[in-house]
Amino acid sequence: MTNNVAKYRARLPQLSDQVFLTDGGMETTLIFHEGIDLPHFASFDLLKNAEGMAQVRNYYARYAKMAKDAGLGFVLESPTWRANADWAAKLGYSREALAGINRKAIDLMVGMRDQFETHRSPMVISGNIGPRGDGYVPGQLMSARQAEDYHAEQAGVFRDTAADLVSAFTLNYANEAIGVARAAKAAGMPVVISFTVETDGRLPTGQTLKDAIAEVDAETGAAPAYYMLNCAHPTHFADTLADGGAWVKRLRGLRANASRRSHAELETMTDLDVGDPAELGRQYAELRRNFRHINVLGGCCGTDHRHVEQIGLACEPVS
């Protein structure tokens, strides 16, 4: 039975100045390093049996222990990035089975928190939402209303669990972000919006990050608790952030790729470009020196525990 008592929903501890780690590129790690088959890049499908549950648990345990040992906070992002109706249908899940797998994912995160959380290392549970379509390509665009209706179902499931917040990752156009934010707000859930950008620092639609954040805030009453960037290398967005402005204060999190490759190049890759973990850590630390409010730190495609460890080591001393 789902534990539906949320611990931090009313007061998210990552809104402090403490550094919070999160995990790396889950899907690329499981596929390329663990040799696990993930049809449609859907890690939630592993939760259907005991073997898959153990694989997911082992994946998170390495990161949670890292944060605990370092005395840092941790955000447990549920493995539900593709646990929405369109992707689940491709894998043969009914609506009821999909809701069950979303609840099961949060239950697993509760177990991880029970095992690893300490007073020095608060662990926040996030119900992870992904884009309806491809994270790299803004294909069949929805209106904000359509996006709200579409994502409301998953947000509603998370509302009735112990999830502390909803986080939407790899969003590539503003209307979907607006829809997710409205759906989470209607469900009474704190929400985080994470955009992805191309090598020029703009969303795949060509909109600037500044304008996308401003649009979402204007259309939702500034509903997001904060914003993040994911699935892009620091060299792709460092200049965008360096331009400064009040909007940058709305960014609190980074989950960068290990690779400097473009989305188009990553889409067709047959190898895994893991980049240089130590260099990535230094790039994060430089961003932290310039933008000290950015305190939720993890990785995306190509990153694993080595990258997050280097990020933690490099950024924790930056006060």
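Just so we're clear, the structure is a prediction, and the values are computed from it rather than from any experiment. Just so you know, these numbers use all the heavy atoms, side chains as well, and skip hydrogens, waters and symmetry mates.
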Quick one: do the [X] and [Y] side chains pair a donor with an acceptor below 3.5 Å?
X	Y	value
T196	N230	no
E77	N128	yes
N295	Q14	no
Q207	E215	yes
Y284	Q310	no

**Message:** Could you walk me through whether E198 and H236 satisfy the side chain to side chain donor-acceptor pair (under 3.5 Å) test, starting with their C-alpha distance in whole Å, then the side-chain angles of each, then the deciding distance to 0.1 Å, before giving a yes or no?
**Reply:** CA-CA 7 Å; E198 299 291 347; H236 299 165; over 6 Å; no

**Request:** Identify the two heavy atoms, one from S94 and one from A97, that lie closest to each other, and give their separation to 0.1 Å.
**Result:** OG-N, 3.0 Å

Output yes when [X] and [Y] qualify as a salt bridge under the 4.0 Å nitrogen-oxygen rule, no when they do not.
X	Y	answer
E117	K68	no
R250	D217	yes
R255	D23	yes
D149	R182	no
D107	R103	no

**salt bridge (Lys or Arg N to Asp or Glu O under 4.0 Å) partners of R132, counting only residues at least two apart** = D86

**Fill in**
Sorted by chain and residue number, the side chain to side chain contact (heavy atoms under 4.5 Å, CB included) partners of D276 (sequence neighbours excluded) come out as A278, E279

**Item:** Those residues that, when tested against Y93, pass ring pair (Phe, Tyr, Trp, His ring centres under 6.0 Å) (two or more places apart)
**Value:** F44

**Prompt:** Taking atom CG of N257 and atom NE2 of H307, what is their separation to the nearest 0.5 Å?
**Reply:** 10.0 Å

**Request:** Report the distance from atom CG of L251 to atom CG of L241, rounding to the nearest 0.5 Å.
**Result:** 6.0 Å

**Fill in**
Connected to Y150, directly or through other members, by ILVMFWY side-chain contacts below 4.5 Å are L141, M142, Y173

**Request:** Determine the interplanar angle of the Y227 and F195 rings, folded into 0 to 90°, and report it as parallel if under 30°, tilted if 30 to 60°, perpendicular if over 60°.
**Result:** parallel

**Item:** Pairing residues for R261 by the side chain to side chain donor-acceptor pair (under 3.5 Å) criterion, not counting sequence neighbours
**Value:** D271

**Request:** For a salt bridge (Lys or Arg N to Asp or Glu O under 4.0 Å) with D164, tell me which candidate from R11, R113, K7 qualifies.
**Result:** R113

**Pairs meeting criterion side-chain hydrogen bond (donor to acceptor under 3.5 Å, both in side chains) with involvement of residues 24-36, two or more places apart** = E27-S43, H33-D304

